[in-house]
Amino acid sequence: MQQTILEVQDLSRSFRSGRDPLRRLADWLSGIEPPVVRAVENVTLSISPGETLGVVGESGCGKSTLARMIAGILPISSGRMRFRGEPYESLLSRKRDALKIQMVFQDPLSSLNPRLKVRDIIGEAAVVHGIVPRSKIRDYVADLLARVGLPPEAAGRYPHQFSGGQRQRVGIARALAVNPEILICDEAVAALDVSVQAQVINLFMDIKRDRGLTMVFISHDLGVIRHLCDRVAVMYLGRVVELAKTEDLFAAPTHPYTRMLLEGMPRISLKRREFLPIQGEIPSPLAPPSGCHFHPRCPIATQQCRQVRPELREMAPGHVHRCLNAVAS
Amino acid sequence: MTEALLDVEKLNTWFYTRKGIVKSVRDVSFDLRRGEVLGIVGESGSGKSVTGMSIMGQIDEPGRIVSGSIKLAGEELTTLSFTQMRHYRGKRIAMVFQNPLMTLNPVMRIRDQMFEAIGEHENVARKEIHRRCVDALSAVGIPSPEERLNAYPHELSGGMRQRVVIATALLLGPDMIIADEPTTALDVTIQAQIIYQIRRQIDQRGLGMIWISHDLSTLSELADRIMVMYAGATMEIGTTEEIIGLARHPYTRRLLESVPSRNKPGEKLQQIPGNMPSLLSLGQGCPFASRCERATAICNETVAPTQLSDTHRIWCNHPFED
Amino acid sequence: MLSFVLKRLLQSVIVMLLLSIVIFVGLWLIGNPADVLISSEATEADRLAAIKALGLDKPLWQQYLIFLGNAVQGDWGTSFVYKEPVTTILLQRLPASVELAAVAFVIAITVSIPAGLYAGLRPDSAPARAIMAFSLVGVSIPTFWQGMLLIIAFGIAIPILPVGDRGDIATYFGITSSLWTLDGWSHVVLPAFSLALLKMSLLIRVTRAATVEVSHLDFVTFAYAKGVRAWKVVIGHILRNALIPLVTVIGIEVGNLLAYGVITETVFSWPGLGKLLINSIKVLDRPLIVAQLTYTALLFIFINFVVDILYTVIDPRVKSVMGRQVT
Amino acid sequence: MDEFGRHFAESRVAVASLLVSLAFLLCAIFAPVIAPTNPYDLSQLQLADALKPVDSPKVVPGEELRVRVTVANGTATFEDLPEGSVIKAITAEACGEKCLDAGVEPADVDLESLQIRGLPPGLSVEGASKHPVQPWWTVAAPADGKARIVAEGAFPSDVSFLAIVKSAPHETGFVFRLGTDSFGRDMLSAILYGIRISVIVGLVAAGTAMVLGIGLGLLAAWMGGTVDAIIMRAVDFMLGFPALLVGLAVLAILGNGIDKVVFAIIIVQWSYYARTTRSVAMAELGKEYVEAAKTLRLSPVRIMLRHVLPNCLPQVIVLFTLNIASAISLESSLSFLGVGLPLTQPSLGMLIANGYEFIFSQKYWISLYPGIVLLAMIVAVNLLGDRLRDLNNPRLAR
Amino acid sequence: MEKTKFGLALAAALSLAPISAKAEELRVGLAAIATSVDPHFHRAGYNFDLRENISDALVYANGATGEVEPRLAASWEITSDTNWLVILEPKAKFDNGNPLGADDVIYSLCRVRNVPNSPGLYSGFIETVANVTDAGNGKIMIESREPDPNLLRNLSNIGIVENPTGRTLTYDDKTCGNDSWLDTNGFNNGTVSAGIGHYRVTKFTPDVEIVLQRNDQYYGKPAHYDTVVIKALPDNSARIAALLGDSVDVINSVPINAVESVQSAGKFHLSSTPSTLLIFLLADQHQEPTPKVSDADGKNPFLDPRVRKALNLAINRNEIAETVMGGMAQPAGQIILDGIFGHNPDLAPYPYDPAKAKALLAEAGYPNGFSLVLSAPSDRYVNGAQVAQAVAAMLSQIGLQVTLETFPRSIYFTKASDYEFSLYLAGAAADTGEGLSQMINLAGTRDPDRGWGGANRGRYSSEVTDKHLAQAQATLDDAEREKLIQAASKQVYEDDGYVPLYHELGVWAVRNGIQYEANANLINIFYTARPE
């Protein structure tokens, strides 16, 4: 647990709109500065081998962008990432090692190429990168299918011939096919019906245990996060506002936003819940509020919160948050 | 016990597609009373939304209500034509849809979309209409409603839009509202806000409400009674306590057990094996039989309802005994 | 908005420059207009004099720069053949073309939108099938061929309409047009219908597709759920949204009306710009060809611009996005 | 895929349009085999066959003799007839005061026509049709081999005229099923070859444009930024102009010929493919399976060609079908305007244009049949494209 | 017929279509109309039309009779080889009432060379004019550089306009000491009137319509029709449709294929005459090898007179004239039309003899023929493309491998002038109404400086022909000159320099009740038209 497998430091991503050169010229001529969207702002995380880190937040909080940067799909604007101490850039330059981080996606339909058979979906990369010789690919795929609980004949079918849960299994098998060490799951169970969701969550727990995989689990569903993750990072408008062990976070959330989330989280109970009015809307990431992004909705915000951008503070060992006024509850 | 506001009896809504008949709703019966929230829960394809649209009389080709009756305060609705039903829609029964981004016409101002709801049913002065719209918007917690009336939908956030939709639904003081997953597309914090507003309106106005959702958690906190649907058929119906606390149907049980928060973190979830059967090839028996560990041969043949209490009814040959 | 307009302007200027070079060089490659214009009995000295008079003795790039310089000042040159300023000739011909295009446009719109709407709302009904069959034939039948059939049918077999040429002209309110006279209308009806047929068919299809697309959207269902009358839903919700894709197509088709005028004007010998273009190509009247093609390009750029503006009227979402495309 | 095929097979209209389109394709491929004659072979054409109506037999023209006849004081003299000709002599006998019978010997020769030319003013030929402009009279198939020349007033004592005798032609057994055009081309053959040209132009132009457009579309989608902007501006530019005008301008500059027509159509059509491919590819690139492919570190070329391209193809194929139809239509329009194909290798459009002139003289077959064939071909291909598109769009298919 | 009547009745009932013109109005549909009102602007057939009707020249070269008729020149006499004394018509006056003076004639001749931006000047017609002076008493003296028998014929193309300078110019072949000339635009927009013709232009819309009004000031016999409306109807079918549909009374260039329908309508008659427009084939007789011939051992086979003769024999002129041209053509054996000054009656058209043609080819060393491209314009002559195709078929029947290529005229003549063709089809008319200029233009050795061989793009050249033509050019005696021209024609015939095909017929379709004169120069004379 001491050694980290993935280290993320001050990771940011911002982009501006309008890449069309004519548009840029026109903008320049008319003196318009195109707004900059900061999707992810100074995120710092470290993940230990075998650990499951949950990232939770509402839409527009930058969790998916973060996942894609870690997976090496989206370029980063600033910051550093290290895999087992090695800078990410050098890792990515070696094709085989770049496969160490894999991803499972949200939409079980769009994440599988409808024109490819399952065998090709799962086996293609393994063959291309020489992990498995082409002649052995049949067995290799069958083995993987068995591992995710699909019958071997599934290899010859197309994605649309499967149900949602089965498709997600194919997606998991595809990621596993290149022997990753880190698996990033972006809302991997959000689109599934409850009964199927449970199946897939169980599968994740199985492969994590079997392979000792490190996982980054991104979700808006606190219930799923709580069930699966060792630690949780809560994001709000591009920033990590709280990071703690799962039990600590659920037991004693310190950031007012985390509290609000937990309060809003529906749970099965026999008690008729007294819904309380929660104030405010989620601001647009195009024009985030100054200072602490959360201050317009925050019940404990002060004048200071409007101006000062709070830094991460450690509350307790392993429990950090980004609030100027928070006290342990 | 008050008289039923809505009485649905043996409703069958089928779709005659090229591939065959899709029996989306089969023999569904339930009632709704004033001031009550009835939750309909089910996974995708369970027929919960079609049930809602059937009540609205808005089943599109190639679907139609094959048999059964829907009575609103004693008036039969299934025999009305689409045009006749117009006088009930909005006025007596209002509906709220899942995706607030799509429910409002993107090229019309909020004002016009709300005005037309009143204008179509009542002959009221414009000023009066305006006042009622402003009132309705403030009632659902929209700040500066006058301004919002002039806005276009895209100028509002998702949560705001859903409030506008709800305000529109409430405009004519309907007897009941059908809400089809009204908060699913919203973020947790916004979801809580919306539910708060709706609940308040129900309590204040004594409306009947059907709340369709796939999410048992939300329903358990909101609904008075819950109906569980699976593959077009009712599995179990009862008060929230009876469904959450005393579930007798294997499907309901499994559904509850598979929710992560009902399990200990890190432990394996209870799961239902297999997938929902195709609605094209349903037999007479229990549609859940193929996935049910308690099923026997008889389950593929037939299933009969059992009345467990005044309010609790179950369609299962082998219910759990408690 | 300013940035948007600027962008369109920059784009237009670049396009116009490129286009004028292409047209200019292309025409230079074809042949020497002097040979076409000068009588076969003319002497070589006459020929050289004519070449000089037409400015064709200068190097090509000089000819182009002279042209460009003049064009910027609004002088598009003088027709080799007519010896009139090109602008004057174009303006003389413009009313006939505009008249034809306008009538065709009105015919196309008034037929296609109701028909397309109906076909989209009741896709399986017999009239809808008939409408779609009509539109299929309409988009398939070449304009010149149906023009011929129309002439045969209404000009020869049952000669109720005059074929060929524009009718009597009158001037009211400062507008000179043949549409003020009955004779004018009798002349314009047939070619306008011929010209409208393709557009009509295309617009029927676009309207239908848009209608089908829109009528399944949630807000339509919601409008019905509010108890709104069916025709109000159709007009206020379905049509208004279906108009958005329609506007682009209509914009392009307005331009096409003027372009396909080339064929219709040839078949019906309508004295408009299209016929002028074909004639100019045949006699290689370079200034006239260049001016016409450039003018057409300008027209299309202008139409596109108008379409963009129309968008903001019809679709309020565009206004906020137009200035900025967020990717 | 097989589901798609099944849906397609279920639609009778779709299958019919496919079959008709295929039939046209076969006609195009096997035109030289099916066509009764080769309409492009100038040496086979004979003007005697020109403008024959439907179902007329092809004939070997009869012998034609031109003889100057001089009648002076009741005696007819004429030049010697060539040896071996069927007609042995020309006669001119007075048949009263004001009339003269011109005939041939032997009298039993089968004549197609007897033409009298160059009569002095005041004379005309009974029962003959006078040429509208020229001073000659033609007696078609004179019953007893004679033409009667009559005078309004007194018959001049000396008359000299040219008699042109045509013996009856004999049939060859070949029949012009759809008549002939003004060059004596068998219309059936010309139509078959016209289909061939139309189909070749359609396929080659639409095909090349497709390859070009797909390539540029994929490039734009993948590269984004400036490359995308340049390509898409070019596309906008092309789309902003009506195909006909672009074609007209290109052909005005390059001159006519099959290759140039094809080039013009490619210039017009590549942009449709580029736009469609790009927009579909952009949508596909936004899908998670592409991101998956990226995390699997597959090369961009592989992602574009193996993953993205196949997903663009359904829409591109629809476009291809519709573009074949519009290419055919465009080619015929350009040919009609006289800037398309060379005269000796007429396409359907040109056949129609040629026949247009004859419509006023009731010679409908020259432009009617090619027109019907052209229409049928375009309708069939358009219908096919329509159905394919509907099947791709679940809303429109039911 | 019945159907048509019914249709007309219907049309009358609906009153949508105009029924008939007012009696004083003549409506004419022409294939091409004048591009300018300015009589000196652009030398082209369609401009000659308008000029003759609105602006008289000194004389009129009658295209129907071949005679030179007096106009502004009441009479003339040749005082020496190079001096012509012209007596001006004393009654002639412009439409503003000003009488015609010698200064007007001088101004007009001077202006010919000085029309700004003209695309094709009339200066060729005054090439030989050395000086023009006012001889007093309403007479002018015209001096030519060398004896020029066609001086007046040439001047028949120069419309006379009123001298606006207020002084009498001194003629020279440059600017005559004047630097401001009447502007073409002025003529076109009506601010300047040509003023001395039978008609005045009241409305001019290029390429669409010209409206003429009778000039009541005209000095001679007035035209019958008050108004003449000239419409441009370049499209054959449109022209016919306009006639049949009663929107015009007269059309020119009646399409051959429509003759039948015009006749069967029963309301029209045709008016026709052979025109001087000769359609011919011309082989490249200069380049070796020639560009568009192959399989001929790298030689130009057309340099061999036997091959040229074979071409002449391979053409069935009667067939072309009667079938392709529907009788609207007169088979030609020489350049000059029968009845035109200079025609040689001894030269009959070549007989059609493919066997002999084949034999000649074999004799010349091409028993299997050779490959050749026949070039033709697609949109210049009546049925030109069809004729070219028929010719190609005939040539292939004597064993040549012929491909036909056609170009629109906009490209065609440029290519021909650049000698890109080996065998091409073209046409040329006698603008002056006599044969010498046509011979020089077609058969004279190509020499731009001398103005010879302008249409001789195959570069036929014969010393003998040139000698005869040069002599004829300087011979004022008509009989002697005619002999020389005939000798030149004979030489061309014997050299097989040309393959003359036919002379086109000018055909007009005229509504019954109207008399309209056909014209060998294919121009339209409205002032002789009148009701029957």
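All values below come from the heavy atoms of this structure, side chains included, with hydrogens, waters and symmetry mates left out. Residue numbers start from 1 in every chain, and the chains themselves are labelled A, B, ... in the order their sequence lines are given, proteins ahead of strands.
Heavy atoms only, all atoms of each residue included: A:K63 and A:G57 are closest at NZ-O, 3.1 Å.
Ranked by heavy-atom pairs shorter than 4.5 Å toward chain D, the options A:I101, A:V178, A:L116 are led by A:L116. Considering only heavy-atom pairs separated by less than 4.5 Å from chain D, the leading option among A:S111, A:G171, A:P114 is A:S111. Counting heavy-atom pairs under 4.5 Å between each of D:P310, D:S299, D:A293 and chain A puts D:P310 at the top. Options D:E291, D:K294, D:K287, D:E284 differ in how many heavy-atom pairs under 4.5 Å they form with chain A, and the most are formed by D:E291. Residue with the most contacts toward chain A among D:R302, D:M232, D:H307, D:R297: D:R297 (heavy-atom pairs, distance under 4.5 Å). With respect to chain D, the highest number of heavy-atom pairs below 4.5 Å among A:S110, A:A175, A:P180 belongs to A:S110. Chosen from A:A71, A:A98, A:G72, the residue pairing most often with chain D at heavy-atom distances under 4.5 Å is A:A98.
Between D:R306 and A:E124, at least one side-chain nitrogen of the basic residue sits less than 4.0 Å from a carboxylate oxygen of the acidic one, meeting the salt-bridge criterion. Note on D:D386 versus D:R389: salt bridge recorded, some NZ/NE/NH1/NH2 to OD/OE distance being below 4.0 Å.
Of the atoms belonging to A:R68, it is side-chain heavy atoms, and not backbone ones, that fall under 4.5 Å from chain D.
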Exercise for the section: Would you please test A:F105 and D:Y289 for ring-ring contact (aromatic ring centres under 6.0 Å, His included) and show each step? Expected result: CA-CA 8 Å; A:F105 297 87; D:Y289 74 83; 9.9 Å; no
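For the pair A:R157 and A:F162, the cation-pi criterion (under 6.0 Å, within 45° of the ring axis) is fulfilled.
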